[in-house]
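Each chain gets a letter, A, B and so on, in the order its sequence line appears, and its residues count up from 1.
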2 protein chains.
Amino acid sequence: MNFSKTTEYALKILSYMALDYNKLYSAEEIFKELKIPYRYLRKQLTILSKSDLIKSIQGKFGGYKLSKKLEDISLLDIIVASGDKQLSNNCFFGFNECAFQEKCSFHNKWEKVRTEINMVLSTTNLAELKSNGPHGHANSNLLLTKIN
Amino acid sequence: MNFSKTTEYALKILSYMALDYNKLYSAEEIFKELKIPYRYLRKQLTILSKSDLIKSIQGKFGGYKLSKKLEDISLLDIIVASGDKQLSNNCFFGFNECAFQEKCSFHNKWEKVRTEINMVLSTTNLAELKSNGPHGHANSNLLLTKIN
DNA sequence: TTTAAATAATACATTACGGTATCATTTAAT
DNA sequence: ATTAAATGATACCGTAATGTATTATTTAAA
C-alpha cells in the first residue's frame with residue numbers, strides 16, 4: 001500500500017518546482033535539494049519532460065520548468081505522468097481482476113475508499129499545495145524548505 | 001498505489017477460506033479456485049500458517065484451516081501477516097520520511113485518507129466480508145463463487 | 001511396514017525496479 | 001570554431017519480489 005519510489009520522486013520534484021513557477025531548475029539543483037540519486041533523477045526528469053507537466057530546455061543554461069500553471073497540475077496528474085498505473089483498477093482491492101466471479105460485498109466498500117483517494121489526488125493541485133503553510137496555516141511561508 | 005502480489009494473494013486465500021470456517025482446504029483446491037501459481041501458493045500458505053490466522057495440518061488428508069473465528073480476522077491482520085509493512089508510515093504520501101523539513105500542508109489532508117484506509121481495513125473482518133452478498137445485498141448467497 | 005497424499009524446507013530462476021555509467025546531443029558564450 | 005554546461009539516449013548492474021524445482025517430512029490407510 002504505497003506509491004513507488006519513482007512516483008514518490010515525481011511528487012517531490014514537481015512539488016519543489018512549484019516553489020517558483022517560472023524558474024528554470026537544473027537537475028543539479030533539484031538533486032542538491034531533494035537528494036534523489038543524481039543519475040536516476042536525470043532519467044526521471046527526461047521522462048517527466050515528455051509529459052505535459054514539465055518541459056526541458058537543452059544546452060548550456062538549460063534545465064526544466066513547469067509547463068502548466070500550478071492550478072492545472074494535480075497530484076493525480078503527477079502520479080500518472082510518473083508511470084504509476086495502479087489507480088484505475090476496478091476490483092475491490094485494486095486487483096487487476098476481481099478474485100471472484102461476482103463482485104464481492106466488500107467491493108463497494110473498498111471502491112468508496114478508492115474513489116476518495118482518487119478524489120483527493122485529483123482535486124489537490126500544486127497551487128493548493130503551495131498556498132497553505134505548514135500544518136494547514138494558510139499563507140504562512142513556503143512549505144518546502146531547504147534541506148541542504 | 002496498490003498491495004503487493006503477495007498481499008493480494010493472502011487476501012484472496014483467506015477470503016476464500018472464509019467460505020467454510022471449519023473446512024480443511026488443500027493447497028490443490030485453493031490453487032484450482034484462485035489460480036495463484038501453485039508453488040508460490042504453497043510457499044505462501046506455509047508462511048501464512050506461521051501466523052495466527054491459519055494453521056496447517058500435515059500428512060495425508062492434511063491441509064489448511066482458519067485458526068480464528070471470522071470476526072477475529074481483519075483485513076489488516078491479513079495484510080500484516082502477508083508481510084506488507086507499508087501502512088504505518090507517517091509522511092504525507094506514506095513516505096518513510098517527509099520530503100521536507102517542515103511537514104507540508106498536504107500532510108494532514110493525506111493523513112486523513114490514510115487513517116480512513118487503515119480504519120476500513122482494520123474494522124472489516126472476514127465475517128463481514130462473507131455475511132453480505134454481492135453488491136451489498138445482505139444474505140443473498142455466497143460472494144465467492146467457483147471460478148473452475 | 002509400505003504406500004499415497006498431503007505439507008515443509010531449501011535452493012534456484014526470472015523479472016521488474018531502482019540505480020549507475022558512458023557517450024551523444026544541444027546551446028550559449030567566447 | 002571551440003568550449004563549457006546543460007539534457008538525451010542507451011546500456012548495464014544489483015537487489016528484491018515473484019515464480020519454479022527438488023527433496024524431505026509428516027500422517028492416515030491398506
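At whole-Å resolution of the value, CG in Leu34(B) and C1' in dG19(D) are 17 Å apart. Leu24(B) places its CG atom 12 Å from the C1' atom of dA5(C), with the value rounded to the nearest Å. Atom pair Leu41(B):CG and dT18(D):P shows a separation of 14 Å (rounding to whole Å applied). Rounded to whole angstrom, the span from the OH atom of Tyr38(B) across to the P atom of dT20(D) amounts to 13 Å. In this entry the distance linking CZ of Arg42(A) with P of dA21(C) reads 13 Å, nearest Å. Here the P atom of nucleotide dA6(D) and the NZ atom of Lys23(A) are 13 Å apart, to the nearest Å. The CD atom of Gln44(B) sits 11 Å away from the C1' atom of dA17(D) (whole-angstrom rounding). The distance between atom CZ of Arg39(A) and atom P of dT10(D), rounded to the nearest whole Å, is 17 Å.
The side chain of Tyr9(A) approaches dG19(C) more closely than any other nucleotide in the set dG19(D), dT26(C), dG19(C). Distance from the side chain of Lys43(B) is smallest to dT10(C) among dT10(D), dT10(C), dA8(C). Among dG18(C), dA8(C), dT18(D), the nucleotide with an atom closest to any side-chain atom of Thr6(A) is dG18(C). Closest approach to the Pro37(B) side chain among dA29(D), dA29(C), dT20(D) is made by dT20(D) (side chain taken as heavy atoms from C-beta onward).
If you check every strand for non-hydrogen atoms under 4.0 Å, Leu45(A) touches nothing. Using a 4.0 Å heavy-atom distance criterion, Lys50(A) is classed as a sugar-phosphate-only contact. Here Gly59(B) lies in heavy-atom contact (under 4.0 Å) with a base.
Here the closest non-hydrogen pair linking Leu48(A) and Ser51(A) is O-OG, 2.6 Å.
By the rule that hydrophobic residues join a cluster once side-chain heavy atoms approach within less than 4.5 Å of another member, Leu14(B) and Tyr40(B) end up as members of one cluster.
Contact of the Ile78(B) side chain with the Ile73(B) side chain is registered, since non-hydrogen atoms from C-beta on lie closer than 4.5 Å.
Ring to ring, Tyr25(A) and Tyr64(A) are not that close: their centroids are 6.0 angstrom or more apart.
Place Gly63(B) and Tyr40(A) on DNA chain C by their nearest nucleotides, and Gly63(B) ends up nearer the 5' end. Two residues, Lys60(B) and Phe61(A), neighbour DNA chain D, and the one matched to the more 5' nucleotide by heavy-atom proximity is Phe61(A).
Here Ser26(A) does not reach the OP1 or OP2 of dA6(D): none of its side-chain N or O atoms lies under 4.0 Å away. Using a 4.0 Å cut-off, no side-chain N or O of Thr46(A) falls inside it from OP1 or OP2 of dA9(D).
Of the charged side-chain nitrogens involved, at least one lies within less than 4.0 Å of a carboxylate oxygen, so that Lys23(B) and Glu29(B) count as a salt-bridged pair.
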